[in-house]
Amino acid sequence: MTGLNEPQKAAVAHSAGPLLVFAGAGSGKTRVITYRIANLIAEHNVAPHRILAVTFTNKAAGEMRERLDKLAGAAVTRDLWVGTFHAICAKLLRRYYAEVGLEKTFVIYDDSDQKAVLKRVMRAADTDERAYPPKQVLGRIHRQKRQGLGPADVRVSRSFDSTLVVLYEGYEKAMRIANAVDFEDLILLAVRIVENKESAAAQELKERFDHVMVDEFQDTNTIQYRLVRALAARHENLCVVGDDDQSIYSWRGANVTNIRGFHRDFPEAKIVKLEQNYRSTGNIVRSALAVIAPARDREPKKLWTAQEPGEPVHVRRLSSERLEAAEVLSVIQRSLRRDVPANEIAVFYRIHAQSRVLEEALRSEGIPYQIIGGMKFFERAEIKTALAYLRLIDNPRSDADLIRVINTPTRGIGQKTVERIMTTASARSSCGWDAIDTAVSELGAGPKKKVLAFQGLIQKLREVAERAGPHELITEVLERTGFRELLRRDDSAEADARLENLEELRGSILEYEKDTAEAGEEPNLASYLERVALVSVVDTMDDAPKVALMTVHAAKGLEFHTVCLTGMEEEVFPYRGIDGDSPEELEEERRLAYVAITRARTELHISHASTRMIFGQTRYLAPSRFLADLPPDATEFHESAYEFERPPPNRNPRPERSRYSSSSRPEAPRYEQSTRLAWRSPEAETAPTGEPSLAEGEQVVDYDAFDDIPPDQGVEIRKGSKVMHKRFGKGIVESVENDGNVTVVARFRGFGTRKVLAQYLSPA
DNA sequence: GGCAGCGTGATTTTT
DNA sequence: TCACGCTGCC
């Protein structure tokens with residue numbers, strides 16, 4: 001236990017009874033967990049296969065296993081149960097499927113599959129999709145599941161009316177017929193098994209684990225917590241690790257009270273707080289603290305660091321998102337010049353839509369990068385189709401897959417025919433596949449022949465699957481179905497890309513086979529499909545020297561030498577949805593900002609653009625309220641891109657930085673301050689617009705790609721500015737006010753003088 | 001039955 | 001801005 005601080009030691013040494021570890025950002029959490037597991041095995045003779053460790057992503061699971069391999073040896077750690085909630089539950093269900101009415105070959109449906117299922121149910125029930133948008137319906141159903149409520153347990157309320165109950169029932173029925181589960185089912189069904197008092201399986205499961213550990217505990221939801229408690233009930237050796245300040249998934253059901261109220265459920269629990277940050281410089285830690293400090297209801301913690309203050313946190317204001325991208329580019333180039341490896345540099349944004357400009361900027365300079373998340377590989381149409389064949393082969397009951405492939409590539413089986421099959425199926429409460437023989441008798445000779453040919457094709461492929469491994473199977477599938485041929489004949493660039501993607505899919509299968517071989521397991525189709533279904537965004541991140549672009553959510557648990565945090569504007573971060581945001585949501589945005597800041601080890605560059613193109617419209621955006629919370633003496637504010645290129649690095653702080661700080665009226669709402677400060681920028685009116693002065697040897701960023709937008713022009717709103725309003729059209733600003741929100745009085749032709757919110761204006 | 005074009009609509013964060 | 005769905009046409 002050398003090299004651990006006192007609280008870390010305490011957490012590692014604790015070997016019996018409940019334990020709650022509050023692990024501040026960068027406080028060596030993973031280290032503590034791995035040491036603790038190693039310690040249990042080595043010092044307390046706990047058998048590895050009796051330890052369950054739940055992580056947040058597969059990547060985290062893999063890293064934990066790797067570290068443990070080094071600590072205790074692969075032979076020892078091989079039997080450990082390490083994985084995400086979903087992966088662990090899937091594993092349990094592959095074993096106890098019969099307990100909950102599944103077949104062993106059940107498939108996991110992703111969002112689009114689920115939506116397809118629900119839409120069919122809705123159409124059958126004649127439900128108006130406008131009154132009940134499928135996406136929302138699905139969301140509500142999931143919420144019920146996360147509370148552990150099946151269709152029969154739901155209490156009808158305003159947010160869940162009787163129509164929804166009917167749809168929930170139909171959805172569940174369809175999923176079971178298809179022998180399919182959704183993500184929530186994985187957890188819910190596992191809970192059902194463990195909580196079933198009569199079943200032998202439950203007894204077995206409760207006995208199974210001597211120790212249960214949960215990482216990122218602040219992001220567990222109600223049903224996950226229930227599962228963990230049930231699994232740990234017998235031995236009560238439950239160790240949960242997390243940080244309520246980093247709870248950023250409440251929108252998908254995460255319940256912070258799990259961690260904040262842990263002590264109520266386990267009064268005898270030992271509580272350890274890890275508060276020393278080993279990751280970041282002093283300035284970064286102080287900035288993070290300053291941003292999280294105003295949060296309500298947080299468990300008191302004092303994150304500190306022994307490290308030097310380091311470079312100040314840079315905050316830059318740019319006039320547009322394109323200039324922001326150019327700025328990010330120059331920061332990255334500077335870091336690269338200083339030999340920071342590209343994979344130690346990350347660019348964060350609040351929403352994926354922001355990635356595009358950044359990506360273009362990086363590409364224009366040939367900087368290697370990878371985007372984490374966004375449109376995922378496995379969601380591409382050709383990949384989904386190929387996988388659908390595999391899934392149908394493995395699980396013929398999977399209706400969503402049957403419908404997807406029955407006429408892809410086109411084999412003359414039209415919608416009418418498919419409908420016929422599916423109505424026959426639902427009349428008999430069976431799946432489409434089983435209904436084919438009956439349905440076919442009602443079809444004309446032509447369609448009948450085609451459907452039977454398809455049936456024969458799948459049967460043949462099923463025979464292949466029985467004797468061949470997954471990679472052979474995919475080759476056969478692509479050939480025999482004519483899918484590859486279809487793409488080959490099409491000589492468009494698109495088709496080429498699709499063929500390449502299919503090759504990549506084959507590559508992923510080969511990789512899977514290699515992995516299983518290394519783990520000493522048999523590769524099989526079902527486990528490959530499961531793995532594909534449960535990959536998380538960060539799992540796809542590769543270690544190559546590439547700059548990483550990702551959302552802040554995806555960044556949780558990661559760290560980088562240099563971090564560029566972009567889009568720090570009101571509306572964007574904190575993100576404002578359609579119906580404004582509740583205080584709770586705002587709190588979560590604050591925690592999200594805290595997560596973002598604490599990812600940086602050495603350099604943190606925050607930027608905000610005063611205009612940004614959002615959904616095809618250029619809008620004025622005020623700086624994020626979170627910027628006003630940054631400690632003035634740990635941060636350095638830059639007005640424009642050119643400033644940054646000006647040496648020396650440690651010149652005196654510029655006086656105008658106080659514009660951002662909340663010094664004048666501490667009791668005033670921060671939002672008001674930060675917006676007012678930004679919008680009444682005195683410099684803006686007097687700012688020199690000439691060429692920036694450069695010191696010798698200083699490189700100017702290449703703005704070629706951006707030269708249609710001159711820097712620092714047409715950005716400020718002030719008297720005389722020409723603006724555009726969606727309804728009123730062109731107008732001239734008469735005055736700008738700030739009473740919480742920035743409002744503008746402007747004269748519009750045909751509408752006269754109107755007072756409007758600045759956020760609804762764009763430059764004209 | 002299939003395709004192309006158009007218009008519409010909406011547009012976080014993800015296992 | 002873009003993705004999707006619908007409609008109308010071949």
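Because the structure is predicted, anything quoted here is derived from the model rather than measured. Below, chain A is the first sequence line, B the second, and so on; all start at residue 1.
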Task: Whichever of A/Val538 and A/Ile351 has its nearest DNA chain B nucleotide further upstream toward 5' - done: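 Whichever sits nearer the 5' end wins; that is A/Ile351.
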
TODO: Let me know, please, whether A/Arg411 or A/Glu588 comes out on the 5' side of the other along DNA chain B by nearest nucleotide.
DONE: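 Nearest nucleotide further toward 5': that of A/Arg411.
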
To the nearest Å, how far apart are [X] [atom1] and [N] [atom2]?
| X | N | atom1 | atom2 | value |
| --- | --- | --- | --- | --- |
| A/Gln218 | B/dT14 | CD | C1' | 15 Å |
| A/Lys135 | B/dA10 | NZ | C1' | 9 Å |
| A/Arg576 | B/dT12 | CZ | P | 16 Å |
| A/Leu138 | B/dT14 | CG | C1' | 14 Å |
| A/Ile371 | B/dT14 | CD1 | P | 13 Å |
| A/Lys115 | C/dG5 | NZ | C1' | 11 Å |
| A/Gln354 | C/dC2 | CD | C1' | 16 Å |
| A/Phe56 | B/dT13 | CZ | C1' | 11 Å |

What does [X] touch in the nucleic acid at a heavy-atom separation under 4.0 angstrom: a base, only the sugar-phosphate, or nothing?
| X | value |
| --- | --- |
| A/Thr417 | sugar-phosphate |
| A/Arg356 | sugar-phosphate |
| A/Tyr249 | sugar-phosphate |
| A/Asp111 | base |
| A/Asn407 | sugar-phosphate |

Open item on the list: Rounding to an integer number of angstrom, what distance separates C/dG5 and B/dT12 when you compare their P atoms?
Closed with: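 To the nearest whole Å, 16 Å.
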
Task: Distance between P atoms of B/dT13 and C/dC4 (Å, rounded) - done: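 That atom pair is separated by 15 Å.
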
OP1 or OP2 of [N] versus the side-chain N and O atoms of [X]: is any pair under 4.0 Å?
| X | N | answer |
| --- | --- | --- |
| A/His142 | B/dT14 | no |
| A/Lys119 | C/dG5 | yes |
| A/Thr551 | B/dT13 | no |
| A/Thr55 | B/dT15 | no |

Among [options], which is the nearest nucleotide to the side chain of [X]?
| X | options | answer |
| --- | --- | --- |
| A/Trp251 | B/dT15, B/dT14, B/dT12 | B/dT14 |
| A/His553 | B/dG2, B/dT15, B/dT13 | B/dT13 |
| A/Met613 | B/dT13, C/dT1, B/dT15 | C/dT1 |
| A/Lys416 | B/dG1, B/dT14, B/dT15 | B/dG1 |
| A/Ala554 | B/dT12, B/dT14, B/dG1 | B/dT14 |
| A/Tyr575 | B/dT12, B/dG2, B/dT13 | B/dT12 |

Salt-bridge criterion met for [X] and [Y] (N-O under 4.0 Å):
| X | Y | value |
| --- | --- | --- |
| A/Arg356 | A/Glu359 | no |
| A/Asp113 | A/Lys384 | yes |
| A/Arg176 | A/Asp185 | yes |
| A/Lys59 | A/Asp539 | no |

Task: side-chain contact (heavy atoms from CB on, under 4.5 Å) between A/Tyr349 and A/Leu549, intermediate numbers included - done: CA-CA 8 Å; A/Tyr349 35 80; A/Leu549 274 61; 3.8 Å; yes

TODO: Look only at the side chain of A/Gln246 and the backbone of A/Gly242, and say whether a donor-acceptor pair between them is shorter than 3.5 Å.
DONE: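 No; judged by distance alone, with no hydrogens or angles, the pair does not exist.
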
Open item on the list: Checking side-chain polar atoms at under 3.5 Å, does A/Asn221 have a donor or acceptor matched by the opposite partner on A/Tyr249?
Closed with: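 Result is no, nothing qualifies.
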
